[in-house]
Amino acid sequence: MAEDTRQDKRASFSAITEHSTNGMARTSAMASSKSGASKKLVIKNFKDRPKLAENYTEDTWLKLQDAVGAIQNSTSIKYNLEELYQAVENLCSYKVSPTLYKQLRQVCEEHVQFTESLDNLSFLKRMNRCWQDHCRQTIMIRSIFLFLDRTYVLQNSLLPSIWDTGLELFRTHIVSDSAVQKRTVDGILEQIELERNGETVDRSLLRSLLGMLSDLQVYKDSFEERFLIETNRLYAAEGQRLMQERDVPEYLHHVARRLEEENDRIMNYLDQSTQKPLISCVEKQLLGEHMTAVLQKGLSTLLDENRVTELGLLYQLFSKVKGGLPTLLQFWRDYIKSFGGEIVCTPEKDKDMVQDLLDFKDKMDNVAQSCFARNEGFINAMKEAFETFINKRPNKPAELIAKYVDSKLRAGNKEATEEELERILDKIMIIFRFIHGKDVFEAFYKKDLAKRLLVGKSASVDAEKSMLSKLKHECGAAFTSKLEGMFKDMELSKDIMIQFKQYMQNQREPTNIELTVNILTMGYWPSYTPMEVHLPPEMVKLQEVFKLFYLGKHSGRKLQWQPTLGHAVLKAEFKEGKKELQVSLFQTLVLLMFNEGEEFSVEEIRTATGIEEGELRRTLQSLACGKARVLNKNPRGKDVEDGDRFNFNNDFKHKLFRIKINQIQMKETVEEQVSTTERVFQDRQYQIDAAVVRIMKMRKTLSHNLLVSELYNQLKFPVKPGDLKKRIESLIDRDYMERDKETPNQYHYVA
C-alpha cells in the first residue's frame, strides 16, 4: 500500500516479497506516480538451506576419482572440466572438504610408483619423464580441485597445498628411496664427468633433473655434497698430473678454461647456490695447492720471455685464490732482485749495465701496468727490489750512470732527437733515485761535464741544463751548486774573452796567435794534476799578457794554467796544399818541433816538450798511427817504442780542409777511478765530521747510539757504523768533543 503524505511532500514505500522455487526473492513494490521518488530494495535470506540429493557425495567423488585417474593415465576425461570444478565447489560448500582432501591424497599416493630396471642414461630419462608427467598431472588435478585448495586448505595452515602435496608424495615415495636417489645422483654425476672429459651430454635433461631435486628440497643433501666431493677428487688428480706434464703457460690456460667450463655449467643446469663452493674447489685444487710450484717452475720463464698475456692470466687467477697475490708478490720481488743483481754484480757486463737496467726497468714497468693491474703493492715491491740490488755493488752503478749520461749528452750522439733525449734522461733519473751513494755519481758526472764544457763537446746546452734541473729537483740545490758554478764560469769566461780581445787590439805589439782562455773556479771543477811542459816563447809571452790583463781586473786572485785541457788550431802546408789541423796542446807542441828540424827521436821530443812519457806516447801514436797520419814513424807499427824516429809527412792527403786529429783516449785507468772514489770518500769524511759537530753543538750531551741514529738521519750516503766510530774518535782526538768520565758511551760537546 502507498500512502500520500502531503504535509512533508515525501513518498514512503513498503515491499511485498514472494519466494520463488529457486530461492531467489522476487520483489514487487507499489510506488507513487510522483516523478523523482527514490526506491528501496530489500533481499531476505533462505529460510532453509537446500539439501543435497541422496548419494550425491559418493556419486560426485566417483566422477572426480575417474577424472583424476584419467589424468594420471593420460587418457581423455569423460566429464566437462567446468562441471567437475562445480562439483568440488558443491562438496566444499557442504563441509565435505576434509574427506575430499584425504581421498584425493590417497588416490595420488596410490598412483606414485616407479620402476628402475634400466641403464643409467635411460633411467635418468625415465625419471625425468616421470617427473615431468607428475608435475603436469598435479597442475591439472589442482585446477579441478582449485576451490578445495583455496578454501579448506588455505584455512588450515598445517595442511600442504595440492601442489606441495604432489611434491611431498614424489619426494617420499620416489626420490627419498635410497636406491632410486643413488641411481639418479650417480647418473647425473656420470653425465657431468663425461662432459668434463669432452663428451656431449643432454644438458636439458640435467637441468630438468637438478631442478627437480631443487624443487623437492633435496638438492643440497642428496646431490651437492657428493658432486663437490667428486669435483674435488677429479681436480686434485688432474692438478697433480698436469703440473708434471705441461709447462706453466699451457697449465694456466687449462685452469682458465676449466673455470670457464664450470661457470658455464652453473649458468646452464647447476643451482646458483653451488657456484661459490664449486669455483672455490676448482681454484683450490688447480691453483691453491700448486701456487709455489707454478711460480717456481714458470714465473722466471714468463718474465724472461715477456709473456704478457700469460702473466696477466697468472695475476688474474692468483687474485682469486687465498694468499695468491702475496705469494706472487714475493716471487716477483725475488725475481727482480736476482735478475737485477746479475746485471749489477757482473763486471763483464759493466759496459752495458745502464742500458740493461733501463731496459729491465721498462720491461718490469710494462708488466706491472698491463699484467698486474697497476697494483700498488707490486709497484712498491719493484721499487724496493731495484733499490736493494742496485746498491749491492757500492759506487760502480753510480759511476756508470754518470758515464752513460755523458755518452748521451756528448756532441756526436745522433741516436736521439731532443724529445727522445729528454725521455732517456727521465728514465735515467728513475734509476738514479735508487742509488744510495749519489755523491759518487756527482763526482764522475762533474768530471765528464767538465770535459764536455771545456772541449766544447756538449750536444745541447738545453739538454745539459735540463739534466741539471732534474738533479736539482731530485737532490736539492746543494747537490748541483758546483755544477751550476761550472756553467757560470763558462759564461763569465766568454765575457772576459770579449774584453781581452779589445785589450789586445790596443796593444802595440800585434801577435799572430789568437788566445782563448776559460777561467775555472777551483772549488767548482774537478781537481787536475798540474803538468809542467815547455811552451814556445810566443805562447809564454801571450800567457803573461793575459795574466797581467786578468789580475789587473781581479786583484788577489791566482791563476794556474792547465796544459792538459788546452787545444789549438795549426796551419800546415803539405804538397797537396794548405790545411788546418785541430789538435790538443800536447799535439801542438810535438808538431811545432818539425818547424825546427826534419826528424826526431822519442827521447828528443820528450826532452824538448817536457810531456810526461805515457802522455807523449799516446800523442805520437795519434799523429803517426791514427787515421790522419801527419807524421811518419820509422819503423812502422801501431805502438810507439823507445827507438822510434818521426818525420813530417809532406805527402799527407785529406779531402777536408780542417782536420780534427783526435788524441788517443787513455781508457780511464783503475788508478783514475780509485782516485775519484778516494776523493768521494774524503768528502764523506768531512761531511760526517761536520754532521757530528753540528749535532753535538745543538744537543751538547748525547749517548753514542743516539748520535749514530741522528747521523744516519742526516747523512745522504751509505756509511758503516765502524766508519762513524772512527770519525767520532778523530773528533775526540782533535778536542771537538769528549767522553763522559763516568759513562764512556756518553759524549759532551767541547765549545
> Side chains of R265 and T274: is there a donor and an acceptor less than 3.5 Å apart?
Replying inline: no
>> Could you check whether any side-chain heavy atom of F372 comes within less than 4.5 Å of a side-chain heavy atom of I379, counting everything from C-beta outward?
In response: no
>> With a 6.0 Å cut-off (strictly less than), is the heavy-atom count around CD of E245, excluding the residue itself, greater than 12?
In response: yes
> Going through the checks in order, is the salt bridge (charged side-chain N to carboxylate O under 4.0 Å, His left out) test met by K470 and E474?
Replying inline: CA-CA 6 Å; K470 294 179 199 298; E474 187 64 35; over 6 Å; no
> Within a reach of under 6.0 Å around CZ of R150, are more than 12 heavy atoms found that belong to other residues, nucleotides or ligands?
Replying inline: no
> Knowing that exactly one of E387, R333, K361 qualifies, which makes a side-chain contact (heavy atoms from CB on, under 4.5 Å) with M382?
Replying inline: K361
>> Using only atom types and a distance under 3.5 Å, with no angle test, would you say the side chain of D356 pairs donor to acceptor with the backbone of I343?
In response: no
> If every non-hydrogen atom of M353 is compared with every non-hydrogen atom of L400, which pair is closest and at what distance?
Replying inline: CE-CD1, 3.5 Å
>> As an exercise, state the distance from CG of L302 to SG of C371, rounded to the nearest 0.5 Å.
In response: 9.5 Å
>> On a heavy-atom basis, which atom in L313 and which in A256 lie closest, and how many Å separate them?
In response: CD1-CB, 3.8 Å
> Is atom CD of Q369 surrounded by more than 12 heavy atoms (other residues, nucleotides or ligands) closer than 6.0 Å?
Replying inline: yes
>> Quick check: do F339 and L303 have side-chain heavy atoms less than 4.5 Å from each other?
In response: no
> Are the side chains of V405 and V354 in touch, meaning some heavy atoms are under 4.5 Å apart?
Replying inline: no
>> Working note: D271 + L210, criterion side chain to side chain contact (heavy atoms under 4.5 Å, CB included); need CA distance, chi angles, decisive distance, verdict.
In response: CA-CA 7 Å; D271 193 87; L210 290 169; over 6 Å; no
> Just how far is it from atom SG of C281 to atom CD of E230, taken to the nearest 0.5 Å?
Replying inline: 10.5 Å
> What heavy-atom pair brings S319 and L325 nearest, and what distance separates the two atoms?
Replying inline: CA-CG, 3.8 Å
> Can any side-chain N or O of N156 pair as donor or acceptor with the backbone N or O of L158 at less than 3.5 Å?
Replying inline: no
>> Can you list everything that forms a side chain to side chain contact (heavy atoms under 4.5 Å, CB included) with K320? Sequence neighbours excluded, please.
In response: L259, E283, Q316
> Hey, are the side chains of V367 and Y315 touching, using non-hydrogen atoms and a 4.5 Å cut-off?
Replying inline: no
> Tell me, do L295 and L314 make a side-chain contact under 4.5 Å, heavy atoms counted?
Replying inline: yes
>> Within a 6.0 Å radius of atom CD on Q355, are there more than 12 heavy atoms belonging to other residues, nucleotides or ligands?
In response: yes
> Between I188 and L124, what is the shortest heavy-atom contact and its length?
Replying inline: N-CD1, 3.8 Å
> Would you call P326 and F318 a side-chain contact if the rule is heavy atoms closer than 4.5 Å?
Replying inline: no
>> Tell me whether the rings of W332 and F378 are parallel (<30°), tilted (30 to 60°) or perpendicular (>60°).
In response: tilted
>> Let me confirm one number: the OH-CG distance from Y269 to L209, rounded to the nearest 0.5 Å.
In response: 12.0 Å
> So Y219 and F223, would you call those rings parallel, tilted or perpendicular, with 30° and 60° as cut-offs?
Replying inline: tilted
>> If you apply the rule side chain to side chain donor-acceptor pair (under 3.5 Å), what do you find for R196 with T231, and how did you get there?
In response: CA-CA 10 Å; R196 281 173 171 164; T231 301; 3.1 Å; yes
>> How long is the straight-line distance from CD of E384 back to CZ of F434, given to the nearest 0.5 Å?
In response: 11.0 Å
>> Taking NZ in K363 as the centre, count heavy atoms belonging to other residues, nucleotides or ligands within less than 6.0 Å. Is the count above 12?
In response: yes
>> Evaluate V294 against Y251 for side chain to side chain contact (heavy atoms under 4.5 Å, CB included), listing each step before the verdict.
In response: CA-CA 9 Å; V294 166; Y251 183 78; 4.2 Å; yes
> Are D350 and R393 ion-paired here, with the side-chain N under 4.0 Å from a carboxylate O?
Replying inline: yes
>> For the backbone of D334 and the side chain of S338, can you confirm whether one donor and one acceptor N or O come within less than 3.5 Å of each other?
In response: no
> Should we count NE2 of H473 as having more than 12 external heavy atoms under 6.0 Å?
Replying inline: no
> Pick from F360, F432, Y335: which one makes a ring-ring contact (aromatic ring centres under 6.0 Å, His included) with F386?
Replying inline: F360
> Are R203 and Q191 close enough that some pair of their side-chain heavy atoms sits under 4.5 Å apart?
Replying inline: no
>> Are the side chains of I424 and Y404 in contact, using a 4.5 Å heavy-atom criterion?
In response: yes
> Of the non-hydrogen atoms in A385 and I336, which two are nearest, and what is the gap between them?
Replying inline: CB-CG2, 3.6 Å
> Taking atom NZ of K337 as the centre, does the number of heavy atoms from other residues, nucleotides or ligands within less than 6.0 Å exceed 12?
Replying inline: yes
>> Would the distance check show the side chain of S143 and the main-chain N or O of M140 forming a donor-acceptor pair, the cut-off being under 3.5 Å?
In response: yes
> Taking it one step at a time, do K349 and V344 satisfy side chain to side chain contact (heavy atoms under 4.5 Å, CB included)?
Replying inline: CA-CA 8 Å; K349 295 185 178 179; V344 169; over 6 Å; no
>> side chain to side chain contact (heavy atoms under 4.5 Å, CB included), that's the test. Do N263 and I266 meet it? Break it down for me.
In response: CA-CA 5 Å; N263 274 309; I266 291 159; 4.3 Å; yes
>> How long is the straight-line distance from NZ of K297 back to CD of Q244, given to the nearest 0.5 Å?
In response: 6.5 Å
>> For the CD atom on Q155, are there more than 12 heavy atoms of other groups (residues, nucleotides or ligands in this structure) within a distance under 6.0 Å?
In response: yes
>> Under 4.0 Å between a side-chain nitrogen and a carboxylate oxygen: does that hold for K284 and E289?
In response: yes
> Hey, does the side chain of K220 reach the backbone of Q217 with a donor-acceptor pair shorter than 3.5 angstrom?
Replying inline: no
>> So which atom in V282 and which in E262 form the shortest heavy-atom distance, rounded to 0.1 Å?
In response: CG2-CG, 3.8 Å
>> Closer than 4.0 angstrom, basic N to acidic O: yes or no for E261 and R258?
In response: yes
>> With rounding to the nearest 0.5 angstrom, report the CD to NE2 distance, E250 to H254.
In response: 9.5 Å
